[in-house]
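First up is the structure itself, then whatever we jot down about it.
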Amino acid sequence: MVDTNAGSFFSEKSAKIFVAGHRGLVGSAIVRKLQSFGFSNLVLRTHSELDLTVQSAVDAFFASEKPKFVILAAAKVGGIHANNTYPADFIAINLQIQTNVIHSSFAHGVEKLLFLGSSCIYPKFAPQPITESALLTGPLEPTNEWYAIAKIAGIKMCQAYRIQHNWDAVSGMPTNLYGPNDNFHPENSHVLPALIRRFHEAKVRGDKEVVVWGSGSPLREFLHVDDLADAVVFMMDKYSGLSHLNVGSGKEVSIKELAELVKEVVGFDGELVWDKTKPDGTPRKLMDSSKLMELGWEPKISLKDGLVDTYKWYLENYAMKQ
Ligand SMILES: NC(=O)C1=CN([C@@H]2O[C@H](COP(=O)(O)OP(=O)(O)OC[C@H]3O[C@@H](n4cnc5c(N)ncnc54)[C@H](OP(=O)(O)O)[C@@H]3O)[C@@H](O)[C@H]2O)C=CC1
Ligand SMILES: C[C@H]1O[C@H](OP(=O)(O)OP(=O)(O)OC[C@H]2O[C@@H](n3cnc4c(=O)[nH]c(N)nc43)[C@H](O)[C@@H]2O)[C@@H](O)[C@@H](O)C1=O
């Protein structure tokens, strides 16, 4: 279902847009993309200025700012270890943030909201490539089911408000993302930034080997965050329907292939050692993003180019400060 309201976003470059989570990997890329298109009235709040888990503060913010559009890129986010270690945080914080932001957006007259979920919403053994219709057809991957349940609730909340109130809330489900402003924490980050940092630090120290988690056999689909930001702005303009939409590159690599590529880009010339005591997680999660692609969006940045760009960003902005 595609609504007739679609297509007006680009004609409203001075409309007030609240980008929640604007300092994160995704939020910062969305801000860059909106600014590059000439959107000039962005409302931004850091976590310490506005804690989105506090319902009264969120409601007061919407009552006074009254944004016209909302892009929800604030969440408790992390890789396989963080999801597996802090399940209470992942379910509770995400349910709180998204419930507060979605409800207050509706209550204070926001015209359109875009919610971001993740490919982990799908069953662990969903048929590949995964279509939107695979949602709620089987058990989830245990390492991230708490986060996935919160994200599924977010999709359903957007759908419920559309059905009951005819309100324009849409959901995008990105695949594994990477790029500038990623989280490079050694344990809590996702695989790609974790490996950039580990290979870089090993190169600097002159180590002979680098430890990589799991068996190396899981397959993952990676998308550069600038492509995701392009999809988000595209959806704000062109999409207004009940179904969530997958946002992926359509290309997958094994973790072993990824590790070899990061090793090459960073210039580490030692060996890889696999720590099989660490979980592999989902064996494969390639999404079918044809619904979004048929509307006219396409990814542009290859994994190799994106990795080179992200390692450059890491060297200039992160490694320098350690
Ligand atoms: N990274 C990925 O690979 C993927 C991400 N996504 C989705 O994209 C969205 C953004 O993720 P990403 O950019 O990677 O995450 P980041 O951790 O990089 O950024 C999250 C942002 O949310 C803010 N935030 C967290 N808690 C609160 C709070 N209580 N109040 C206000 N702000 C808060 C953070 O602020 P602060 O840092 O100050 O706490 C930060 O700016 C999420 O919905 C995520 O599920 C989906 C698929 C893959
Ligand atoms: C986006 C997605 O991200 C999470 O799911 P995930 O795809 O499993 O994420 P990941 O990037 O952490 O791991 C991918 C693979 O890579 C392997 N791996 C090797 N070495 C390291 C390593 O050093 N760090 C990490 N994190 N993983 C490593 C790791 O063992 C796994 O096999 C969800 O929890 C959830 O947040 C979500 O939606």
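For the single chain, residues carry numbers from 1 onward in sequence order. As the structure lists them, so they are numbered: ligands from 1, and atoms in each ligand from 1.
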Numbered atoms and elements of ligand 2 in range of [X], under 4.0 angstrom, heavy atoms:
X	answer
Cys120	38 (O)
Ala194	22 (C), 23 (O), 24 (N)
Gly79	12 (O), 34 (O)
Val212	19 (C), 20 (N)

Heteroatom proximity flag, [X] to ligand 2, N/O under 3.5 Å:
X	value
Asn83	yes
Asn176	yes
Pro186	no
Ser119	no
His190	yes

Does a salt bridge link [X] with [Y], judged by any charged N lying under 4.0 Å from a carboxylate O?
X	Y	result
Asp269	Lys203	no
Asp275	Lys278	yes
Arg284	Glu252	yes
Lys304	Glu264	yes
Asp226	Arg32	yes

Next item on the list: Looking only at non-hydrogen atoms, find the nearest pair between Trp146 and Asn83 and report the distance.
Entry: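 Between these two residues, the closest heavy atoms are CD1-O, 4.3 Å.
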Next item on the list: Would you name the heavy atoms of Ile121 and Ile152 that are closest together and state the gap between them?
Entry: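 That would be O-CD1, 3.6 Å.
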Checklist line | Ring geometry between Tyr122 and His244 (parallel below 30°, tilted from 30 to 60°, perpendicular above 60°) | finding: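 Rings of His244 and Tyr122: tilted, 30 to 60°.
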Notebook entry, point to check: Rounded to the nearest 0.5 Å, how far apart are OG of Ser118 and CG of Asn144?
Noted result: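 If we round to the nearest 0.5 Å, Ser118:OG and Asn144:CG are 7.0 Å apart.
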Next item on the list: Keeping to residues at least two apart or across chains, list the salt bridge (Lys or Arg N to Asp or Glu O under 4.0 Å) pairs with something in residues 53-80.
Entry: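 Residue pairs with at least one partner in residues 53-80: Glu12-Lys68, Lys16-Glu65, Arg45-Glu65, Lys68-Glu111.
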Margin query: By the salt bridge (Lys or Arg N to Asp or Glu O under 4.0 Å) test, which pairs, at least two apart or in different chains, include something from residues 129-143?
Written below: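 The answer is Lys124-Glu141.
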Next item on the list: Compile the protein residues with any heavy atom at a distance under 4.0 Å from an atom of ligand 1; present them by chain, then by number.
Entry: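 Those residues closer than 4.0 Å to ligand 1 by some heavy atom are Gly21, Arg23, Gly24, Leu25, Val26, His47, Leu50, Asp51, Leu52, Thr53, Ala73, Ala74, Ala75, Val77, Ile97, Leu116, Gly117, Ser118, Tyr147, Lys151, Pro174, Thr175, Asn176, Leu177, His190.
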Would you say the ring centers of [X] and [Y] fall short of 6.0 Å from each other?
X	Y	result
Phe69	Phe18	no
Phe10	Phe234	no
Phe199	Tyr311	no

Notebook entry, point to check: Heavy-atom contact under 4.0 Å between Asp280 and ligand 2?
Noted result: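 Flag set, Asp280 near ligand 2.
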Margin query: In this structure, does ligand 2 have an atom that sits under 4.0 Å from one of the heavy atoms of Arg198?
Written below: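 Yes; Arg198 lies near enough to ligand 2 that a heavy-atom distance drops under 4.0 Å.
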What protein heavy atom sits nearest [atom], and how far off is it?
atom	result
atom 11 (O) of ligand 2	Val191 N, 2.8 Å
atom 37 (C) of ligand 2	Ser118 OG, 3.6 Å
atom 7 (O) of ligand 2	Arg220 NE, 2.7 Å
atom 15 (C) of ligand 2	Ile255 CD1, 3.6 Å
atom 12 (O) of ligand 2	Ile80 N, 2.7 Å
atom 30 (O) of ligand 2	Pro279 O, 2.7 Å
atom 20 (N) of ligand 2	Trp213 N, 3.0 Å
atom 2 (C) of ligand 2	Lys285 NZ, 3.6 Å

Item checked: ring pair (Phe, Tyr, Trp, His ring centres under 6.0 Å): pairs with one or both residues in residues 169-196, sequence neighbours excluded ->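 Pairs touching residues 169-196 that pass the test: Tyr178-His224, Phe184-Tyr314, Phe184-Tyr318.
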